[in-house]
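Below, chains carry the letters A, B, ... as their sequence lines are ordered, and counting in each starts from 1.
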Number of protein chains: 2
Amino acid sequence: MQKGTNLYDEIIELASRKSIFYPSNEIYNAPAGFWSFGPLGESIRRRVIEFWRKEFVQKNEMFEIDGCQTMPDDVFKASGHLTSLVDPETVCKKCKGRFRVDKLLEEKLNKNIPESLSLSEFNALVKKNNIKCPSCKGDLGDVEKSSLMVETKLRGNNKFYLRPEACQSIFLDFLRMSKTMRLTLPKGIAQVGKAFRNEISPRQSILRAVEFSQMEAEVFFNPDKINDVEDFKSVENYKLRILKLDSKNVEDVSCKDAVQKKIVSGKLPCYYLAKAQQFFEKLGIPRDKMRYRELSKDDRAFYSKETFDFEVLTSVGWLELSANNYRQDYDLKSHSEGSKQDLSFSEDGKKFIPHIFEISIGVDRTLYAVLELSFLKEKERNVLKLNPRLSPYDVGIFPLVNRDGMDTKAKEIVKLLRDNLYDVFYDDSGSVGRRYRRMDECGVKFCVTVDGESLKKNDVTVRDRDSMKQVRVKISDLPRILNEIIVFNKDIKEFGKVI
Amino acid sequence: MQKGTNLYDEIIELASRKSIFYPSNEIYNAPAGFWSFGPLGESIRRRVIEFWRKEFVQKNEMFEIDGCQTMPDDVFKASGHLTSLVDPETVCKKCKGRFRVDKLLEEKLNKNIPESLSLSEFNALVKKNNIKCPSCKGDLGDVEKSSLMVETKLRGNNKFYLRPEACQSIFLDFLRMSKTMRLTLPKGIAQVGKAFRNEISPRQSILRAVEFSQMEAEVFFNPDKINDVEDFKSVENYKLRILKLDSKNVEDVSCKDAVQKKIVSGKLPCYYLAKAQQFFEKLGIPRDKMRYRELSKDDRAFYSKETFDFEVLTSVGWLELSANNYRQDYDLKSHSEGSKQDLSFSEDGKKFIPHIFEISIGVDRTLYAVLELSFLKEKERNVLKLNPRLSPYDVGIFPLVNRDGMDTKAKEIVKLLRDNLYDVFYDDSGSVGRRYRRMDECGVKFCVTVDGESLKKNDVTVRDRDSMKQVRVKISDLPRILNEIIVFNKDIKEFGKVI
């Protein structure tokens, strides 16, 4: 990732001005790495999660669970996090600033530095390249492994940590799911929620925060049946955007080819890579700005047999939104040993430890990518061309003027639509043009305006954010029409003459 | 609260058997006080939150924000939590067990003991009533104040804590909201999320956990205008269920009377008490099982001028679901002093510190109350008569038998409904009767069955959980009909002849 460019700065400016996101504890001397979401940001972010839930979790028949964020140390001893979740850190001898050595090296050398290097390898690189403190140019101390785990002080004998990723409870609860939920393999189990990492230098706003959110799905399967995917036919001609390890160019590879040419290790991982890419496409990420980057053995986690990072091209470079790891039997085996419980599964009279393919998506980074890729500066306005299912409000509702009964009528429409579970924003301040601009800038796709005619004819104008065109429709038809245009992406011109 | 009775035990049994909720980290030696939600519980719980968001937050034009769970100690110094959020604790001299002294006294004396007593008062009561260790009958040590705050170890100079309630970021962000969101008073700002308390003895499953969730709303208003509530007329004849401090009986008191007779301190608090009670009624809590219990000065928080706990009668006694506090200017004043920022607001050319009325609802307790009050044992089945908007799935979809194209047709319906954003559960295993029973027990209100006729006529049966009656409807009408019966609570018989 490179330093922020102008577009990044514009998004941060917009986010701050509209309170989409902003530093937590701002009125105090706010420590870096913590971000809050205001009314607009909270809504868009929640809708990103709901989109994932509907399009990825539910359509793929996954279970969704919700476990605790604080977990005892036994869990992270077994998972390996207590020893492995470390970053190489150096402290400046002069100013005492703390820095991630791999990032300092990457900035200086402009190439990828694997986190997995040994301390002596890091020290040698620092010396060889004459790396100094980026703040004060002082000499840097010896590189040390610094844990990213956040300990919490709870009562009793157990040590507790805040989870560094959302997924661990999925592994712990697999046994219970298999006993109580009539579970058959393959089966995805998903979880969304907060995770916490003690970052050495949190930076780039919500792109690397201490407290952040993940949407994770873990697909459990029988490794002997990695190529038994009932529904594979539905994706076999769908093209993945793949950047192979040995390549400099992203290729469009059909799922069929990806499996046949062993670019992906089997139909099951390939199927979920396709489903995840389709999710991102539907969310509004353009195909030419997305890629699955294959990771080398040095770059991927030690338990992963195969990793593809899903990356999106933004103004800060290729931004990783999702890690996709073939975790093999690592998790169930480790927790089986740690808990002394048998976590194996029986199928066709055979007992085995299920393998896991993981699709782990960063919520906040996805939100950022969606914002940046939707943002347009046009001659007369700023506009966020969000997928209407991600708009912070389903619709804005305005009386043309705030009198003559137009306000009362507009408030009746607010009630009608809220009773139909729409999220609406009522605004009667300033000219209608200004109100449209305000909605454009925060991504609301549709505005309904009540004018003098509305009182006589019980109809209103519906204005589309992107085309800025309007149609006139009956008030009583609004709930149905909004559903058609939001959920099925229909054009407003299907519902009336464009005016 | 008394010990669990049979109904409580039945809910726990159901919750465990169906993985609605269960102890977190179960496969390890799971420490008490942490609970996870399986697929059914996660869904019902999420829908409780969404119901609150739609019916309480959005219909009352509140903002919803999402702040961080980890916050620096300055915040909790100013809020008073570091000194005030303490429970009186005693350690058994013999078995070293830790206990909350107020709870031990309450169990022995069968009356309410204010948490606010001094240590010497607690010690005197323990001695006078000869309270012994409930585990081993040993002598108890001196009573000490034990903090419920959970500290976390983060980098840097700041000490951090996990928030003990969801609301603090609302107070911190008020200044930003007032500057960026065109905020006018009165205005509610809401937040839902996790909170953490280092409970001395977590107990009764999700009713008192260390990690729990809250839905909180803080209404900011001008204290000079406590009686200027535009919409008060809409609730003036609505009857609150109030248990006054000096009374033994719950009374139905109209909002108008509650204000006139000074039972509630003004129209604004009264209006939100009404809105909150209406929310709980709509959620499915019967009026005769709810009350607002007025708290005495000793029982309420020191900053609260007036507190009504919203309680629901369950098998464990009157269970507090929500605390409603008139917090006055305490929060903005404290954080103004703590942060050295001016948090006042200007209106009509006058500067003042807004007052706050708080409606703080426990998510997990609300979930429990809804489950218990919906649970019925009938002759041939167990049934959870949940509000259909809280059902874990909108609808169950079954092929009558798993062949002859019925399964294919049923899967087409699954796709149709998922494309319309319904959450559906497909089940083709066992007799249809058994499948109905399974859905009944987890609260799914509607089941759609595809039979032989369906293939010819493109219609299906829709069966209602509560009446167990069925109607036959066109497949293409299903999305619209489901919306009418789920959102508008219409009876299925409006859509066809009951069969």
Check whether any side-chain heavy atom of Glu50(A) lies under 4.5 Å from a side-chain heavy atom of Glu50(B), and answer yes or no.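 A side-chain contact under 4.5 Å is absent here.
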
Can you confirm whether Thr152(B) sits close enough to Phe196(A) that some side-chain heavy atom of one is under 4.5 Å from a side-chain heavy atom of the other?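 In short, these two side chains do not touch, never coming nearer than 4.5 Å.
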
Per-residue contact mode, [X] against chain A (heavy atom under 4.5 angstrom):
X: Arg418(B); result: both
X: Asp423(B); result: both
X: Ser147(B); result: backbone
X: Ser336(B); result: neither
X: Val210(B); result: side chain
X: Glu151(B); result: both
X: Arg438(B); result: side chain
X: Leu343(B); result: side chain
X: Val487(B); result: side chain
X: Leu154(B); result: both

What pair of heavy atoms forms the shortest contact from [X] to [Y], and how long is it?
X: Asp173(A); Y: Tyr22(B); value: OD2-OH, 2.8 Å
X: Asp66(A); Y: Glu42(B); value: CB-CG, 3.8 Å
X: Lys54(B); Y: Leu421(A); value: NZ-O, 2.9 Å
X: Asp419(A); Y: Lys59(B); value: OD1-NZ, 2.9 Å

Choice from [options] maximising heavy atom contacts with chain B below 4.5 Å:
options: Ser146(A), Ser43(A), Gly41(A), Ala78(A); result: Ser146(A)
options: Arg53(A), Glu55(A), Met71(A); result: Arg53(A)
options: Arg389(A), Arg46(A), Gln191(A); result: Arg46(A)
options: Tyr422(A), Phe21(A), Tyr161(A), Phe160(A); result: Phe160(A)
options: Val414(A), Leu40(A), Asp427(A); result: Asp427(A)
options: Lys18(A), Arg98(A), Glu199(A); result: Glu199(A)

Check: Arg176(B) side chain, Glu26(A) main-chain N or O, donor-acceptor pair, under 3.5 Å: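 Between the backbone of Glu26(A) and the side chain of Arg176(B) there is no qualifying donor-acceptor contact (under 3.5 Å).
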
Is a side-chain N or O of Glu211(A) found less than 3.5 angstrom from the main chain of Thr70(B), in a donor-acceptor match?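 Yes: the side chain of Glu211(A) pairs with the backbone of Thr70(B).
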
Could you list the donor-acceptor pairs under 3.5 angstrom formed by side chains in residues 29-39 of chain B, with sequence neighbours left out?
| residue | atom | partner | partner atom | Å |
| --- | --- | --- | --- | --- |
| Trp35(B) | NE1 | Ser205(B) | O | 3.3 |
| Ser36(B) | OG | Ser24(B) | OG | 2.7 |

Sort out for me which of [options] touches chain A most, counting heavy-atom pairs under 4.5 Å.
options: Met149(B), Glu61(B), Gln168(B); answer: Glu61(B)
options: His335(B), Met62(B), Arg480(B); answer: His335(B)
options: Asn198(B), Leu172(B), Asn420(B), Ile65(B); answer: Asn198(B)

More than 12 heavy atoms from other groups under 6.0 Å of [atom1] on [X]:
X: Lys194(B); atom1: NZ; answer: yes
X: Glu230(B); atom1: CD; answer: no
X: Lys159(A); atom1: NZ; answer: no
X: Arg434(A); atom1: CZ; answer: no
X: Lys333(A); atom1: NZ; answer: no

Given that the side chain runs from C-beta out, which part of [X] has a heavy atom under 4.5 Å from chain B: side chain, backbone, both or neither?
X: Glu484(A); result: neither
X: Leu175(A); result: side chain
X: Leu162(A); result: side chain

Positions in residues 177-184 of chain A that reach chain B, provided some heavy atom is under 4.5 Å away: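 Within residues 177-184 of chain A, near chain B: Met177(A), Thr180(A), Met181(A), Arg182(A).
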
Interatomic distance, Gln341(A) atom CD to Ile27(B) atom CD1 [nearest 0.5 angstrom]: 6.0 Å

